[in-house]
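As structure tokens, the structure follows; a few thoughts come after it.
By convention here, the first residue in the shown sequence is residue 1. Values in this document were obtained by computation on a predicted structure and should not be read as measured data.
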Amino acid sequence: MKKKSLSPSWKFLFPLLLLTNITFAQNTYKFTEGLLLNNVHRYGREALYTDLLAYQLFTKSLKQPVPDAVFGNSSTGAELKWLKISADTAGRFRSRSFNGGYLYLTYNSDQEKTALLNIKGNSAVFVNGVIHAGDPYSSGWMYIPVNLKKGLNEFYVRGQNLSANLFFNNKPVHLNTEDATLPSIVKGDKNNHILGAIVVINSTNKELKNYKIKSNLEGKETTTTLPSIPAMSTRKVIFRLNAEAITGNSKTSCKLNLIDGNKTLDETNIVLEIADPSSEKYMNTFISNIDGSLQYYAVASKIGANEPGSALFFSVHGAGVEAIGQARAYQSKDWGNLVAPTNRRPRGFNWEDWGRLDALEVLQLAKDKFKPNPQHIYLTGHSMGGHGTWFLGATYPDKWAAIAPCAGYPTLKGYGSADGLIPDSSSSAIGNVLLSASNQSDVFKLKNNYKSFGIYILHGDADRTVSVNYARSMKKTLADFHQDFSYYEYPNGSHWYGNESVDWNPLFEYFKWHSKPIDTALNTIDFTTASPGISSSYYWATIHQQTAPLQYSRIQFKRNINAGNISGSAQNVRLLKIDLKDFSTNKNITITIDSLSPVNYTTKSTTDEIYLLKEGNNWKITSAPGLSEKGPHRYGTLKDGFNKKMVFVYSTAGTKEENEWSVNKARFDAETWYYRGNGAVDIIADKEYSASNYKDRNIVIYGNENTNSAWKTLLKDCPVQVSRNTIKVGKETLTGDDLAAYFVWPIKNTSSNTVSVIAGSGLKGMNAALANQYFAGGSGFPDYMVYRLDMLKSGIDEVKVAGYYDYNWKIK
């Protein structure tokens, strides 16, 4: 047995050790006394949330807390009180009773001033009523610029086991290296012009434009113009590096200067690794198509020279693990390269949502870089990465020769907290609509997609973090239909029992004798998807549109190329595309689906593809649908707008209070996106938006028709309309100033872009929309939903409308 080594969850610290941390100093105020209120909120992965304190805050009925004051009653009728709590010697507010609670903190200021707020362990915080993102995983590098007023300043901190500090007298604009994204300098790499990213903190009340970062790497200087940095915010920005002069073997220092015109505002140093790919793991950075931010992936190179046609091992990490730590857990192999994507963060999105998109981006980059044999691409991962393996394997079954989940759990719905389950929703039509938005996460319903590749399941039999019962459950599930899987329980194995937890020789031997079939050899199809917008194709068949959106669709086909026939069944499919390239020219083909009247077609070339439309009880050949219809390119749900280099557009045409809500909400979403997704986003005013200036970009818009001047440009034809005191959804009209709406809409005259809308019919409704559960990995949101502020008290009963547009973006 190999010597046990450090868990990747510890190894993720290594890149951080290479950085020069920011120095705050100067004046620090540590919060040491507060008041605790428990059992007043419930936030999870689902579209719904309840928050009794936020409800009182939004309705202006919240009284200033004092010790032992009664706040109200819980949903069970229990009395809720504010209780005194003190920080321990480490500065943390700890309590065994911390559950669904808020910590109330105060600071008395002698004057108006700005500060940097740093809280660890919180999911969000209201600062004098304005919401800001938190640091739920206690990473420590989340600094929020805040304006403090003279006198009492109030902080309602949502979370548990917290520490909180205010930092004063820092430079108004400065660099923070604590959360840098840096590449390795790879020996022998011909590309010496590489990219890094660093955080700029703007503690001023003005937007910063045309600032620059100058890098000096062993005498080679490069200057990069930065994107705009909104007032009182942070933004992670990309800078260029020139590594032509590097001659060292281990590490090198790079100086960074933040420049405004000819004036240097701040300077700092970063340290980069120099890696020999023949013996060391390394990091490559790239600009993501999701949002234009800088991300990285890690590589464990093949032993010996890289040869096109080698294998590719795609390894997805566990919660809290950096991709470079994941790669370092493996010994390099002599028959393939190993690549580890990031999931955007060590915790990120559970390999769903934007974690899934990150995996697809890196997979393509790895294919382009290493040119592996497409029949020898393998997927594996540990813990959360074990879930990622189950999920990505089931979602994209035509990409892998074999998969190997290690210490994994199959679904979010069965593991962890909140998990997208909505209490008492089974008897609620709206509840079932909301649940269906998460159907793509349920791999048990996608289990037949596992048929086409081998599966090796590895799990420690003494795992107390992810129970071995998850592996046993999947073993039992596969045994009913799968003919090629292997299962091993490591004796006395905990969750991490050394690098063998992932780098297990029998697992790689199993990979070695598995190949993905070539397209022409795959004549039997059994494929299920919950959304063509996430996964639509399997070899030569594509589910283009569903009859019932986001319900499960399944196709089962067999083809005989010599005989010229295709037959099978299609469930919940409206429009289907069949690729006929494997048939010869002038071949007469008969297609029979669901035992209905056959469709006949004669191929005209070796690139033919046909679309089949189901109308009533017949299938017929139809023309390719226009891009204006739903399809894999743009299928909806609210989250769709939060990618493709989205732009946040806040309002300036409303009242002062409405406009303040809008810009604060946009900033809150940007803070959350940065924290959860290592991302960066442009925030602009409505009057700055034009379709020509933001071509090919998705939009997230805040406000309503009366407050946001970009509304009519983007949403004129949308069947969901929000104005003051009124929301219309198709033919239904709801009234009141307490309505919130989330919905998505295609951007006119674009091939795939969408706008996601965060709206309210008044300040109460806008405040109800403040939660951004849509950034929780695996959370499901339909195309549109409308609810009242009272949802914060009563839950699902206050969701008034929820649903999906049809294939033509219409509401039935």
Side-chain angles (χ1 to χ4, degrees), residues 1-14 45 136-139 161 298 300 313-331 338 340-343 345-352 355 379-393 403-419 441 443 455-478 485-508 510 777-778:
M1 184 177 293
K2 296 178 183 178
K3 182 179 178 181
K4 293 185 179 181
S5 60
L6 297 171
S7 162
S9 61
W10 191 91
K11 287 171 186 266
F12 88 90
L13 295 172
F14 284 153
R45 303 185 197 282
Y137 303 121
S138 298
S139 301
N161 296 332
F313 313 114
F314 201 67
S315 181
V316 291
H317 64 72
V321 180
E322 282 278 2
I324 187 63
Q326 184 76 359
R328 285 172 174 158
Y330 292 90
Q331 294 290 325
L338 183 139
T342 67
N343 184 40
R345 284 287 191 196
R347 294 186 184 271
F349 304 104
N350 311 92
W351 297 107
E352 303 199 22
L379 171 66
T380 186
H382 179 264
S383 190
M384 182 182 76
H387 164 67
T389 303
W390 286 120
F391 172 71
L392 294 169
I403 70 171
C406 306
Y409 48 92
T411 69
L412 293 174
K413 290 183 178 181
Y415 180 81
S417 61
D419 295 330
S441 297
V443 302
I455 301 175
Y456 191 104
I457 304 173
L458 176 64
H459 213 115
D461 67 2
D463 191 338
R464 294 185 178 182
T465 303
V466 178
S467 171
V468 70
N469 288 328
Y470 290 110
R472 293 170 181 172
S473 173
M474 288 304 291
K475 176 185 177 183
K476 182 178 180 181
T477 297
L478 293 173
F485 74 92
S486 185
Y487 180 90
Y488 184 73
E489 289 185 14
Y490 194 94
N492 300 313
S494 60
H495 191 57
W496 182 259
Y497 43 88
N499 288 349
E500 287 182 323
S501 304
V502 290
D503 195 14
W504 178 238
N505 188 59
L507 182 158
F508 282 90
Y510 182 86

Just how far is it from atom OG1 of Thr389 to atom CG of Leu458, taken to the nearest 0.5 Å?
11.0 Å

For a 4.5 angstrom cut-off between non-hydrogen side-chain atoms, does Ile455 reach Pro405?
yes

Kindly write out the residues that satisfy side chain to side chain donor-acceptor pair (under 3.5 Å) with His387, not counting sequence neighbours, or none if the list is empty.
Glu352

According to the interplanar angle, ranging from 0 to 90°, do the rings of Phe313 and Phe508 count as parallel (below 30°), tilted (30 to 60°) or perpendicular (above 60°)?
perpendicular

OH on Tyr510 to CD1 on Ile457, rounded to 0.5 Å:
9.0 Å

Could you tell me which non-hydrogen atom of Ala329 sits nearest to which non-hydrogen atom of Asp503, and how far apart they are?
O-CB, 3.6 Å

Go through the structure and list residues passing side chain to side chain donor-acceptor pair (under 3.5 Å) with Ser315, not counting sequence neighbours.
Gln326, Tyr330

Pairing residues for Ala404 by the side chain to side chain contact (heavy atoms under 4.5 Å, CB included) criterion, not counting sequence neighbours
Thr380, Tyr456, Leu507, Phe511

Please enumerate all residues that pass ring-ring contact (aromatic ring centres under 6.0 Å, His included) together with Phe485, with sequence neighbours excluded.
none

Pairwise distance CH2(Trp496) to SG(Cys406) - rounded to 0.5 angstrom:
9.0 Å

What heavy-atom pair brings Pro410 and Trp390 nearest, and what distance separates the two atoms?
CA-CD1, 3.8 Å

Taking side chain as C-beta onward, heavy atoms only, is Asn350 less than 4.5 Å from Arg45?
yes

To the nearest 0.5 Å, tell me how far His495 NE2 sits from His459 NE2.
7.5 Å

Nearest heavy-atom approach of Ala323 to Ala340 is CB-O, 3.4 Å

I need the minimum non-hydrogen distance between Thr342 and His317, along with the two atoms involved.
O-NE2, 2.6 Å

Distance col, row Met384:CE vs Leu412:CG, nearest 0.5 angstrom, shows 9.5 Å

In short, Val316 meets Pro341 closest at the heavy-atom pair CG1-CG, 4.0 Å

Is the side chain of Thr477 donor-acceptor paired with the backbone N or O of Ser473 at a distance under 3.5 Å, no angle test?
yes

Output every pair passing salt bridge (charged side-chain N to carboxylate O under 4.0 Å, His left out) with a member in residues 461-473, not counting sequence neighbours, ordered by first then second residue.
Arg472-Glu489

Testing the basics here: between Tyr409 and Ser383, what is the closest heavy-atom pair and its distance to 0.1 Å?
CE2-O, 3.9 Å

Value rounded to 0.5 Å, distance of OG1 in Thr411 from CE in Met474:
9.0 Å

